[in-house]
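Report on one structure; see the data block that follows.
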Amino acid sequence: MADAKNQSATAMASLPKDAFEPAQVDKTEKERIAAPALTFTQDAMRRLRQNKAAIISFWILVVIAVLAFGSFFWSPADPNHQNLTYSYLPPKWGNLNIPGLNGWNNGVDVYKANGIKDGVYFLLGTDGFGRDMLSRLLAGTRVSLIIAIVATFFDLSIGVVYGIISGWRGGRTDIVMQRVIEIISSVPNLVVVILMLLVFKPGLTSIILAIALSGWVTMARLVRAQTLQLKDQEYVLAARTLGESSVKIALKHLVPNLSSTIIIQTMFTIPSAIFFEAFLSYIGIGIPSPQASLGTLLSDAQQNLQTQPYMLVFPAIVIVLLMLAFNLLGDGLRDAFDPRSSH
Amino acid sequence: MIKYILKRIGYLILTLFLVASITFFLMKLLPGTPFNNPKLTHDQIALLNKQYGLDKPLWVQFFQYIVGIAHGDFGQSYQYVGEPVSTLIATRVGPSLQLGAQAMVVGTILGILLGAIAAIRKNTWVDSVATIFAILGRSIPSFVFAALLQFFVAYKWGLFPVALWENGFSSSVLPTIALAMAPLANTARFMRTEMVDVLNSDYIELARSKGDAKWQAVAWHALRNSMIPIVTIIGPMAVDLMSGSMVVENIFAIPGIGEQFVKSITTNDYPVIMGLTIMYCFMLTVVILIVDILYGFIDPRIRLTGEAN
């Protein structure tokens with residue numbers, strides 16, 4: 001131990017002084033930012049792009065939306081056009097001989113048995129009134145999507161405004177507003193929607209209203225909790241000190257900071273609105289009869305399930321895909337905006 | 001604690017009162033009367049109105065209704081003449097409760113197992129399969145799933161009754177599976193997150209360093225601690241089960257309250273709709289109250305909300 005120390009001391013002594021010189025430190029290099037600075041949103045988007053499931057879901061949603069809304073301009077047939085000679089035809093894709101898509105149902109070539117002309121076939125079959133199921137599915141998806149998106153928009157607007165007011169005002173206002181929420185949330189959402197639908201006249205608008213008026217509670221809770229946190233931030237204090245009005249502070253400081261919560265919650269509200277619409281139409285108090293929606297298609301299919309199972313398959317696939325894609329995209333967005341919540 | 005419970009019960013009664021009043025006036029807002037059969041003469045309608053107490057002023061009707069509810073009397077059904085709503089509900093609540101309880105138990109137990117396995121085998125194919133399963137369970141609407149079960153398992157393969165409530169337990173199997181999907185998916189998802197957290201915690205490391213095998217650490221420490229927060233999602237899951245039951249009971253033609261609710265809506269049987277709405281609220285608020293109390297016992301760190309103010 002002692003020897004080693006001596007040795008190194010002599011080695012040091014044998015080196016000339018001028019062998020040492022101070023290293024050059026480039027102060028500007030030290031502070032250089034190598035990668036471009038990312039804003040919060042850019043950073044979140046970067047994380048989102050790495051999530052394959054979310055990206056695939058996004059494109060699935062884009063494709064479904066384009067097809068559904070595109071059917072407004074172009075559709076294979078009129079979704080409400082009835083033709084009883086084409087009643088209950090199973091799916092047939094030209095001359096393709098794939099089981100399930102070749103015009104056979106229950107061991108019978110239905111097209112031949114009904115004497116349908118050679119060139120006539122329906123990609124997803126027809127229903128009891130001979131209406132083209134593909135056109136109905138497209139129109140139905142469109143109606144369901146419109147209901148879900150519009151309802152979600154209103155639902156979020158109510159929730160955000162309610163949550164901000166409750167959190168921002170605090171005190172007695174907050175207590176009263178929270179009690180109201182507690183009471184509303186003690187009734188299952190579906191029951192509230194149904195009661196409202198009984199009061200309004202059935203139709204598109206009343207379904208949208210009913211879903212919007214019953215679904216805002218979760219959003220209001222989330223927004224209030226975050227508003228309570230944001231309220232104590234320095235920049236809000238600064239804005240207040242400068243005499244900004246409450247409305248302006250809410251719009252300029254609160255809403256932008258709440259945006260990730262709002263976006264994520266939207267992704268989870270839309271599928272539940274789709275579900276509510278489908279459910280209401282399913283039990284017969286939703287979209288009135290001739291009009292198609294995912295719910296009415298499923299309900300029609302359910303009644304003919306044992307003889308015409310093909311009628312259930314395609315609407316079921318579409319609704320499951322929609323729910324799945326919205327849920328996965330929502331999960332992805334949440335992980336992207338709030339990396340701490342992911343594991 | 002007793003003070004807290006009493007306070008909560010007070011709120012519960014207030015909530016139920018408000019819900020009852022709101023539904024009452026909502027029903028009064030509805031256009032038309034239950035007796036709009038063109039065959040009825042004016043005298044007959046007057047008689048019916050009298051029988052159902054609809055000739056009295058609104059506030060008297062309201063007062064009588066609330067007093068009635070306090071005595072467990074929800075009025076009479078318009079659809080089944082002379083049948084009190086309370087007996088209608090009482091005879092139908094059994095199957096619904098049985099299905100709900102079975103679905104809740106099956107769903108949470110399987111969900112806990114699925115979530116725990118996914119967390120222990122985190123980032124392997126087991127985890128991916130469990131996650132896909134949980135997301136599917138969350139995404140497939142209960143009525144689509146129920147219809148598929150009915151078509152394949154009951155109709156095609158004949159394993160269980162297609163519908164109705166006549167074969168005892170075997171009648172309840174398919175509806176239970178259909179209902180259990182949502183709680184299963186929810187619990188699995190929640191359990192996985194919790195378990196991953198717990199498995200990374202110091203006390204698991206301590207248990208392992210003391211020489212516990214991995215399975216011992218998991219069984220004794222991780223599983224127990226990650227199961228506690230599951231209690232908090234029982235409330236939301238109960239709501240899911242209630243809405244789920246309306247559809248599933250309808251598809252399988254089970255004489256439960258969910259099926260009755262849907263039937264009353266299509267026949268404008270307002271007293272039954274009101275009674276069932278209050279019933280649903282009652283069950284839900286009681287479940288939430290029990291969950292909150294349970295949670296206070298299980299995890300004393302959690303200060304019960306409401307005790308603070």
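Chain letters run A, B, ... following the sequence lines, proteins first, then strands; residues in each count from 1.
- Note: I135(B) CD1 to L328(A) CG = 4.5 Å, rounded to the nearest 0.5 Å.
- Here the CD atom belonging to E182(A) is positioned 12.0 Å from the CG atom belonging to L18(B), to the nearest 0.5 angstrom.
- Here D331(A) contributes atom CG and R189(B) contributes atom CZ; the two are 4.5 Å apart, rounded to the nearest 0.5 Å.
- Residue L324(A) touches chain B through both its backbone and its side chain, counting heavy-atom pairs closer than 4.5 Å.
- Contact annotation for F282(B): neither backbone nor side-chain heavy atoms come within less than 4.5 Å of a heavy atom of chain A.
- Proximity to chain A is limited to the side chain of Y11(B), based on heavy atoms less than 4.5 angstrom apart.
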Original post:
Passes side chain to side chain contact (heavy atoms under 4.5 Å, CB included), F326(A) versus S139(B)? Steps please.
Top reply: CA-CA 9 Å; F326(A) 273 115; S139(B) 303; over 6 Å; no
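- Residue contact with chain B, scored on non-hydrogen atoms closer than 4.5 Å, involves the backbone and the side chain of A278(A) alike.
- With a 4.5 Å cut-off on non-hydrogen atoms, I274(A) does not touch chain B at all.
- Distance CG/L136(B) to CE/M323(A): 11.5 Å, rounded to 0.5 Å.
- With a 4.5 angstrom heavy-atom cutoff, T23(B) touches chain A only via side-chain atoms.
- With a threshold of 4.5 angstrom between heavy atoms, V247(B) approaches chain A through its backbone and through its side chain.
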